[in-house]
Amino acid sequence: MGLPGSSRLFMPPDVNAAREFFRSKSRRMTGKLTTAREAVARMVHDGDYLAVGGFGTNRIPTALLHEVVRQGRKRLGLSGHTATHDCQILAAGDCFDRCDVAYVVGLEARGLSRNARRIFEEGRVAVTEWSNAALAWRYRAAAMGVPFLPARVMLGTDTARRSAAREITCPFTGIRLVALPALFPDVALIHVHRADVYGNCQIDGILVSDLDVARAARRVIVSAERIIAGDEIRREPARTVIPYFCVDAVVEVPYGGYPGNTAYEYFSDEDHLRAWLKAEEDPAAFAEFVRSYIFETPDFPAYLERCGGLRRLQELRWMEHFPGRGEGLA
Amino acid sequence: MGLPGSSRLFMPPDVNAAREFFRSKSRRMTGKLTTAREAVARMVHDGDYLAVGGFGTNRIPTALLHEVVRQGRKRLGLSGHTATHDCQILAAGDCFDRCDVAYVVGLEARGLSRNARRIFEEGRVAVTEWSNAALAWRYRAAAMGVPFLPARVMLGTDTARRSAAREITCPFTGIRLVALPALFPDVALIHVHRADVYGNCQIDGILVSDLDVARAARRVIVSAERIIAGDEIRREPARTVIPYFCVDAVVEVPYGGYPGNTAYEYFSDEDHLRAWLKAEEDPAAFAEFVRSYIFETPDFPAYLERCGGLRRLQELRWMEHFPGRGEGLA
Amino acid sequence: MTSESRSYNAMELMICLAARYLEDGSTVVVGTGAPCAAAMLAQRTTAPNLMVLFEAGGMGPLLPSMPISVGDSRTFFKGLAAATMPEIMEACQRGMVDYTFLGGAQVDMYGNLNSTCIGDWEKPRVRMPGSGGANDLASLCWRTMMIAPQDPRRFVAKLDFMTTPGYLTGPGAREAAGLPPGTGPYKVITQLAVFGFHPGTLRMQVENMHPGVTREMVMGATGFEPGWSQEVTQSRPPEPSELEILRKEVDPLRYIIGRS
Amino acid sequence: MTSESRSYNAMELMICLAARYLEDGSTVVVGTGAPCAAAMLAQRTTAPNLMVLFEAGGMGPLLPSMPISVGDSRTFFKGLAAATMPEIMEACQRGMVDYTFLGGAQVDMYGNLNSTCIGDWEKPRVRMPGSGGANDLASLCWRTMMIAPQDPRRFVAKLDFMTTPGYLTGPGAREAAGLPPGTGPYKVITQLAVFGFHPGTLRMQVENMHPGVTREMVMGATGFEPGWSQEVTQSRPPEPSELEILRKEVDPLRYIIGRS
């Protein structure tokens, strides 16, 4: 059926090497609070393979992504697990040259990103195809510490043929299954609602694949809407979805998922997202847009100011908390 | 290395048959409130394969287990995933004749159950060996809808040789792995903190394997410390660990995990557990014990009365909420 | 324009038709847009017990308005659960999900979909998003539905890339590939007609045509030879009550159904 | 009795010795009883940054007293997380867990353990609980430790059943079986001695003997031929400060250390 898929396996599922790495990873509960600039400078290197938490425009680590662009990271690998605005940002910085694609270059119902498309269409990115569930299970395999997981997706399609999956036969039932290789990213960037200074994290609402991403990645940088005391974590241990020993750096960034939606905090800023898509229609205008919104903006609060500041953010809070009515406010 | 394991695979991992069954399972959000007696009468049949939630003496569905004994169910299969007091209860009723063993016949630090041991030692139970993680992953495979999961446990031991696991080679790395077949129990009995009448469930504290058990089982009976309004479920959807469409019957049983520990509610009644173990030293005394505590006790409130009633339960609440100090009260 | 077409537009018609196919007491994974509107309409008409799921983790929301993203907070607003992507995909893989709705830039006569690229994959003329969850949902849910505008560039004889499985190359192909038995495309709803799939050949065939639509119009909009079921009937137009609910409750801001 | 033995009992000695092997800033999965006491003592002495996990899902509790079950609510009392059994086992499988403590009815010279049965498995004289999580933890954690009373019926030449892997049949055997490289038994602590494993043969060997213990006593309590490391030293007895913490903070009700 055309498997093994013919594309490149960017990150081989070497569980023994991962074990050796995780053996060396600190388990000390030390303070990891830092700035987005410092965290990205120290932990994201040219050539690294990157995974991004959330879901495209929802609970994405925008502040960290801007920093990756601002610091000019190049030749990154990208896991395109519903990568929408996150992919768009990294494409704006021309940061990546290889991509495991499940969903890229689009912003769901909002349309396609011309700039991101261009990068793919010009052949500047090596692509391996997957599906969303396939990437989700690849993260899970890594989080479980096994080199692959079996699944019943992709079979029979060009998606599989252009993937790096293999096919196996179930030793019990004899049925055909796709084998999805574990994906251990070099770095994960994840935005959460609350974290303590050690990196114990709480997330409200859907978790998408972030539990697995945080466990699969070698290094994890977390941005949090707010830092809370360690006592708060211990008050409700069942709410800790990422334990501190997965996390390498913690950054406090209120509104850190803007212009995306962070559940129970603020809705997405559709005007700003539209402005991005519009700016991309003309490469010169877009270069200016990126210069102005990212390169010449020193940090995330300055970006928020440029986008309307607290007044706009307050509107987005209303839209989040009073949906239906909220739309009328915009 | 001696694999495939030589023991019987009691529940073959037929994912296609499971899919057909799950296709037929109701997705209607109808009221499922009933009594323990009615739920067990309708949904647990002689010969069924049973999985039990919680962890041996922690958040176990005691009321449902007593009902299984009281109604005289026989020839059950049992998943021995840290089955301690639960195994002891079912052994008291001579309810099962086959068992996937990870942990049985013991009550952890409290000692061994003579009666449960006797049943195994007399050859009245067909045994297949596994480990706790192996059974946990077998549930998870079923919950995922795949016929097996790979893992790195049991390899090289008699546990594997006396299991029904197989060995596979990773198609990516070439390393040896154990293949653990999905386990789809006929019935799961699970005790939770809160449920609505449709079966949406909340659990406080550790979840052990209950998320997967609830999804893997064909039928699920839930006992809940308390029934809450559906609005309460919708107020915090992230707390729903078992969605209603997994659940077939809901029973409200305050203190339903007694004499086990239900986190944040009541600690285990070590005196009563000791009395069980003590009674088992003499078969005649034990028959009388079981007659008096289960067969002649009409329902769970009556059992709680026999065990000291509200006064004792209040003590156990104190032990749970003020540990350290609490022990001094006992 | 016939008199009927003045009272509702093509999108409204497609949504109303799609909604009626969703059985009461079933489960459906939807995306944003028309499929979500169809599910919301079904919940308010013939399928009050329809359970709606979103691939990013939302389950059973009381949707206050149209989600913009399948992962936005509307997808679990007052929901029954706010879970994970694996949770949803695994419910599908376990056989718990009856329907899904998909779209694509190209569809062929076996209901296979392309949402990856136009032109050669190695050097695409147009790069599109890729599978997203489409391949997964079409592999795992029992019945796959499409709501799609129909024209010959979209309904093609040969896909540039098969992102998502329909019936692949025909009878037996899904099973041979290892896809779960009994699954596959169910209905394709366009502005002209509703297609089903011939039980023997598994090829797309017209089941009913919308008011005012002729066979010629359908053939002219289809890049392959469409089949015709034995008895092609006329699509039942939206009831006034359906339109009222769709316009007032489901999409009052007319994001999906438009201003026409 | 020597003068030292009057100031602490064998259990106290074993717990104090075990605690010292737990490196600061490491992770350990423990059960109830002596291992948990050793971890708690280590946290209060040489390893304040020791992270304690329990196989049922508890992570990093501020243990208010000894747990009775590895799944009871003490195991996540004011914990850092209250998770699931897969979560803990997968952290081990991923390589995140440094130590575990196990016990068993029988241990052989390669540190393999039996907790399944005495006699023939098909018709056991004594049926014991089985693996529980022992096989998993010994397969996946980096270093496996044991605290066990030593006698010839427990330290045997041949196990009745190999529940849990030590070094299996010797050098290379774990790797050949597919167990993760670099893992295996580390120390065995008894009332007489501390055993390590010879780096070449992987056989159990005495590293130090407790005050007042002779080689003859060790050999008399071992059902196989124990090895002797080049330099067998005397075990360092518990410090008064260790005993004080153990008795007053870790196990004030003397569940584990007893009344002696």
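Here is how names work: the chains are called A, B, and so on, in the same order as the sequence lines, proteins then strands, and each is numbered from 1. Since the model is a prediction, treat every value here as computed from it, not as a measurement.
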Q.
Is R125(C) in contact with chain A via its backbone, its side chain, both, or neither, using a 4.5 Å heavy-atom distance?
A. backbone
Q | Contacting moiety of R152(A), where chain C heavy atoms sit under 4.5 Å | A | both
Q: Would you mind checking which part of R59(A) comes under 4.5 Å of any heavy atom in chain C, side chain (CB onward), backbone (N, CA, C, O), both or neither?
A: neither
Q) When you measure from the side chain of D136(C) to the backbone N and O of A133(A), does any donor-acceptor pair fall under 3.5 Å? A) yes
Q | Side chain proximity check, M128(C) to V105(A), heavy atoms < 4.5 angstrom | A | no
Q.
Below 4.5 Å, heavy-atom pairs only: which of N112(C), T164(C), V70(C) has the largest tally toward chain A?
A. V70(C)
Q. Are E90(C) and R140(A) within salt-bridge range, i.e. N to O under 4.0 Å?
A. yes
Q | Engaged part of A83(A) at the chain C interface, taking heavy atoms whose separation is under 4.5 Å | A | neither
Q.
Could you tell me if E129(A) and S131(C) have a donor-acceptor pair between their side chains, going purely by distance under 3.5 Å?
A. no
Q | V208(A) versus chain C, the contacting section by heavy-atom distance below 4.5 Å | A | both
Q) Which residue out of L159(C), V126(C), L140(C), T75(C) racks up the most heavy-atom pairs below 4.5 Å with chain A? A) V126(C)
Q: Under 4.5 Å, counting heavy-atom pairs only, tell me which of P86(C), P124(C), G31(C) racks up the most with chain A.
A: P86(C)
**Q.** S268(A) OG to D72(C) CG distance, which is reported to the nearest 0.5 Å
**A.** 6.5 Å
Q | Contacting moiety of V127(A), where chain C heavy atoms sit under 4.5 Å | A | both
**Q.** Contact class of I175(A) relative to chain C, heavy atoms under 4.5 angstrom
**A.** neither
Q: Hey, could you give me the OG/CH2 distance between S7(A) and W121(C), rounded to the nearest 0.5 Å?
A: 3.5 Å
Q) Distance only, no hydrogens: is a donor on one side chain within 3.5 Å (strictly under) of an acceptor on the other, for S69(C) and E108(A)? A) yes
**Q.** Proximity breakdown for E122(A) and chain C, heavy-atom pairs closer than 4.5 Å
**A.** backbone
**Q.** Distance (rounded to the nearest 0.5 Å) between E55(C) CD and T82(A) OG1
**A.** 5.5 Å
(Q) Set out, in order, the CA-CA distance, both residues' side-chain angles and the distance that settles side-chain contact (heavy atoms from CB on, under 4.5 Å) for E122(C) and R162(A), then state yes or no. (A) CA-CA 10 Å; E122(C) 306 255 14; R162(A) 296 301 191 168; 3.3 Å; yes
Q. By a 4.5 Å heavy-atom criterion (distance strictly below it), what part of D212(A) contacts chain C: side chain, backbone, both, or neither?
A. side chain
Q) Using a cut-off of under 4.5 Å for heavy-atom pairs, which of E270(A), E121(A), M154(A), R117(A) has the most such pairs with chain C? A) E121(A)
Q) When heavy-atom pairs shorter than 4.5 Å are enumerated against chain C, which of N261(A), T262(A), V101(A), L177(A) gives the highest number? A) N261(A)
Q. How about Y103(A) and S115(C): do any of their side-chain heavy atoms sit closer than 4.5 Å?
A. no
Q. Does the side chain of N135(C) come under 3.5 Å of the side chain of T157(A) through a donor N or O and an acceptor N or O?
A. yes
Q.
Is a donor from one side chain sitting under 3.5 angstrom from an acceptor on the other, for W137(A) and Q93(C)?
A. no
Q | Pick from L207(A), L135(A), L107(A) with the largest number of heavy-atom pairs that fall under 4.5 Å of chain C | A | L207(A)
Q) Is it the backbone or the side chain of T169(A) that comes under 4.5 Å from a heavy atom of chain C, or both, or neither? A) neither
Q: Test side-chain contact (heavy atoms from CB on, under 4.5 Å) on M162(C) and T159(A) and set out the steps.
A: CA-CA 7 Å; M162(C) 192 205 291; T159(A) 304; over 6 Å; no
Q: Please name the pair of heavy atoms, one in T32(C) and one in A109(A), separated by the smallest distance, quoted to 0.1 Å.
A: OG1-CB, 3.7 Å
Q | Ring-face cation of R74(C) near F267(A) (centre distance under 6.0 Å, axis angle within 45°) | A | yes
Q | Minimum heavy-atom distance between G205(A) and F76(C), given as atom pair plus value | A | CA-CE1, 3.6 Å
**Q.** Selection from P129(C), S73(C), P67(C) maximising heavy-atom pairs under 4.5 Å formed with chain A
**A.** P129(C)
**Q.** Which portion of F77(C) sits near chain A, non-hydrogen atoms under 4.5 angstrom
**A.** side chain
Q: Look at G133(C), G130(C), A56(C), G33(C) and state which one has the largest set of heavy-atom pairs under 4.5 Å with chain A.
A: A56(C)
